[in-house]
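Below: one structure, written as structure tokens.
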Amino acid sequence: MASSRHNDQLKSYLKSHKSGAKSNGDSPVRYGSPKRTSNSPARMSPSSKGQRPVASPGQSAKDIKPRNVPVKSSNAKSLQPKNISRGYYRKPTMESMPEELLMKIFQHMSASELLTAACVCRQWLKLTADNLIWEKLFIQLTSKVKPDEQGQRLGTPLKGPPETKWKRECIHWCRKRRNHKITALLKKVSPYTFMPANTEKALQKLCIKWQLVMTESNKTEHIFQHSDVFCFPTTTTIRWYSLEPPPIKSLKHLSIFALSPIFFRKDGSADTANACQRSLLLQTQLNPSQHAIVECDDLVNLHVINQGLLLATWKDGGEIAFISLCVHNHMLVQRCCLGTSSKEYIPPSLKPKFDDVDTQYGLHHFSCVIELRNQRTVLWSQPFTNLHCEKEDIGDGFVHLIPVRPDVVTDHTFTNKKLTLPWKTDVFKGIVQNLCILDMTLLDEFKSPMWTVSNPVKVLSDEDAPLSYNYDGEPYVIKYEDDKGKVTIQLVTDGDTRYVVTGIMVDVSLTTINSWFSTSY
């Protein structure tokens, strides 16, 4: 009895679905050529096209409707065929493309293009890391290696999953060749500054770019590329003034990165659309209200947020106008290429060996290079050699070095211009008076940099200056201090266009001397 009930339900179900009938009492409709009934509307035959349809028996003329006029019905959805798949009507997309075809496309891409494609989705990340693709690229990149280096191409196996072995090996090889190029470019030393002579050339040859990242409290990042770069004998200045930053109150911290390309062309130049390694140069909390205003003009207030980092805010509104970073050239190229996105590169310390024979060890034969400049032009520069300090002259915890003696007129020199700091944005520009950038490099007797400075400084009126019989101008002073020592520069105005440098004192802390030379003064 149960089986008969089941058959009855199945017949009822099939009948209702074949006829398309619903519970509202609509007449059943079938696909194909349904059988005519006495109550069905008149239909036109193909031969009667253009003629008026004839009513069936028992049907009025009002009930006659042309065949080509659509009839709206509540069961319109049920009239659509159910055996047609939805995918038949879907437009083809990259997601529906077979992996075999994608792999065929990826095999014709360069290494830099593969790294860019890997950022699209997880599927592409997996496919672009295939060993077959990267092994072919690795062979192409290392095909011009010298015969004696053939056995050293791979070196020590890198850690990681075997599915991405050749990708890691290829990137590691390209970085190794790039770092070898850095050593060759920085081999020449300048006799003037005792620093690498081709730092600017190396930055241009390696296509180093500079990136500013502002992070809000909700971890939203705003990224800006540098506007311009100016290289000097001992330092480099990077500026960002084409900015549309978020409100300064919402910003939490600020980071600056160097972008160094990994892959290079056959002629040695980097591709403009190349994959880059991001190296952290500086990261600091961004709260200008906690940093005093160094100087200002009619439009902007200038703040020194960190050593070498100058931030300008508009007087009207307090939002960011521009940002400038002054960095020393000592190990700058290595910092740009060997760091990571989360950690700065720390150069190895090149401290000299302890000398237990020299009783004045660590107190003589210092060299020093000092520059006063703005963001684009050097205003005054001078190298000094054979600086020394006697043991008896050590006082107040400092070793006193005097490059320019105030009482010796022949030591005095003139600046090219007045010490000011011009600035600009996309719309405005101005000049901040009595502000400049101090660059200093102190080298030991072995010509190794032991203290480097590149920082904005104020030109202050010196009320404690002694009376001078050589100059009639107003006395000024520049003072700088950090954890390694102090720098004091005495100036006198010479007319309205320049200054006379009448004295310089470099005080190096005993902690720095003892730590560098392994002494105990």
Side-chain angles (χ1 to χ4, degrees), residues 85 87-88 90-185 205-209 211 223 257-280 334 336-343 345:
S85 173
Y88 181 80
R90 185 180 299 170
K91 294 183 179 179
T93 61
M94 295 300 294
E95 296 178 357
S96 61
M97 186 177 294
E99 292 187 356
E100 293 79 6
L101 184 57
L102 288 172
M103 290 291 293
K104 200 70 176 178
I105 297 173
F106 292 150
Q107 288 177 0
H108 295 278
M109 289 187 177
S110 64
S112 181
E113 292 170 342
L114 285 172
L115 294 180
T116 304
C119 301
V120 174
C121 61
R122 293 184 179 180
Q123 182 192 16
W124 286 26
L125 174 63
K126 180 181 177 181
L127 295 177
T128 54
D130 189 86
N131 281 330
L132 295 176
I133 300 176
W134 286 96
E135 184 179 6
K136 181 180 177 181
L137 288 173
F138 184 82
I139 294 174
Q140 293 176 357
L141 292 171
T142 59
S143 58
K144 296 185 178 181
V145 178
K146 297 179 181 179
D148 57 344
E149 298 180 3
Q150 289 289 339
Q152 303 178 3
R153 290 193 302 178
L154 289 177
T156 305
L158 302 176
K159 296 180 180 180
E163 295 82 5
T164 59
K165 170 190 173 183
W166 286 104
K167 178 180 178 180
R168 296 193 308 273
E169 293 289 352
C170 188
I171 295 176
H172 176 72
W173 170 261
C174 293
R175 290 179 60 183
K176 184 178 178 181
R177 299 292 293 179
R178 180 199 61 188
N179 298 341
H180 178 74
K181 185 185 296 186
I182 293 173
T183 305
L185 289 171
K205 192 76 174 178
L206 297 172
C207 295
I208 303 296
K209 299 178 182 179
Q211 189 179 81
I223 301 176
F257 298 90
L259 304 180
S260 55
I262 299 176
F263 305 103
F264 292 82
R265 300 190 185 99
K266 293 182 179 180
D267 58 354
S269 61
D271 190 358
T272 55
N274 204 337
C276 296
Q277 176 185 350
R278 197 161 77 154
S279 300
L280 179 64
Q334 290 85 341
C336 295
C337 298
L338 303 181
T340 65
S341 59
S342 59
K343 188 177 181 180
Y345 171 73

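In this chain, residues are counted from 1 in sequence order. Predicted, not measured: the structure shown is a model, and the values here were computed from it.
- Taking both residues in full, the closest heavy atoms of Ile262 and Cys174 are given as O-CB, 3.6 Å, listed atom of the first, atom of the second, then distance.
- Using a 4.5 Å heavy-atom threshold, the side chains of Leu114 and Lys167 count as separate.
- Taking the ring pair (Phe, Tyr, Trp, His ring centres under 6.0 Å) definition, one finds that Phe106 meets it with Trp124, sequence neighbours left out.
- Judged purely by atom type and a 3.5 angstrom limit, Gln107 has no side-chain atom pairing as donor or acceptor with the backbone of Lys104.
- Rounding to the nearest 0.5 Å places CD1 of Ile105 at 8.5 Å from NE2 of His108.
- The CG atom of Asn179 sits 10.0 Å away from the NZ atom of Lys176 when rounded to the nearest 0.5 Å.
- Contacts of Gln277 classified as side chain to side chain donor-acceptor pair (under 3.5 Å), with partners at least two apart in sequence or in another chain: Arg175, Arg178.
- From Cys170, atom SG reaches atom NZ of Lys165 across 13.0 Å, with rounding to the nearest 0.5 Å.
- The structure places CE of Met109 at 9.0 Å from OG1 of Thr116, a figure rounded to the nearest 0.5 Å.
- Ring pair Trp166/Phe138 is tilted by interplanar angle, where 30° to 60° counts as tilted.
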Practice prompt. For side-chain contact (heavy atoms from CB on, under 4.5 Å), just list the numbers for Leu115 and Ile171, CA-CA rounded to whole Å, side-chain angles, deciding distance to a tenth of an Å, and then say yes or no.
Written response: CA-CA 10 Å; Leu115 294 180; Ile171 295 176; 4.2 Å; yes
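- Between Trp134 and Ala129, the shortest heavy-atom contact is NE1-CA, 3.7 Å.
- In this structure Leu259 satisfies the side chain to side chain contact (heavy atoms under 4.5 Å, CB included) test together with Lys209, Gln211, Gln225, Cys276, Arg278, sequence neighbours excluded.
- Looking at every heavy atom in both residues, Leu280 comes nearest to Ser341 through CB-O, 4.2 Å.
- Applying the side chain to side chain contact (heavy atoms under 4.5 Å, CB included) criterion to Glu100, with sequence neighbours excluded, gives Pro98.
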Discussion item. What verdict does the side-chain contact (heavy atoms from CB on, under 4.5 Å) test give for Ser110 and Leu137, after you've listed the backbone C-alpha separation in whole Å, the side-chain angles of each residue and the deciding distance to 0.1 Å?
Written reply: CA-CA 8 Å; Ser110 64; Leu137 288 173; 5.8 Å; no
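- With sequence neighbours excluded, the residues satisfying side chain to side chain contact (heavy atoms under 4.5 Å, CB included) with Gln123 are Glu99, Leu102, Cys121, Leu127.
- Annotation for Pro261 and Cys207: closest pair CD-O, 3.5 Å, computed over non-hydrogen atoms.
- Summarising the geometry, atom CG belonging to Asn131 is positioned 10.0 Å from atom CD belonging to Glu169; distances are rounded to the nearest 0.5 Å.
- Scanning all heavy atoms of the two residues, the minimum distance from Leu125 to Ala118 falls at CB-O, 3.6 Å.
- Expressed to the nearest 0.5 Å, how far CD of Gln334 lies from OG of Ser260 amounts to 12.0 Å.
- In this structure, the side chain to side chain contact (heavy atoms under 4.5 Å, CB included) partners of Lys181, at least two apart in sequence or on a different chain, are Leu185, Leu206, Phe264.
- Among all heavy-atom pairs drawn from Ala275 and Ser112, the shortest one is N-OG, 2.9 Å.
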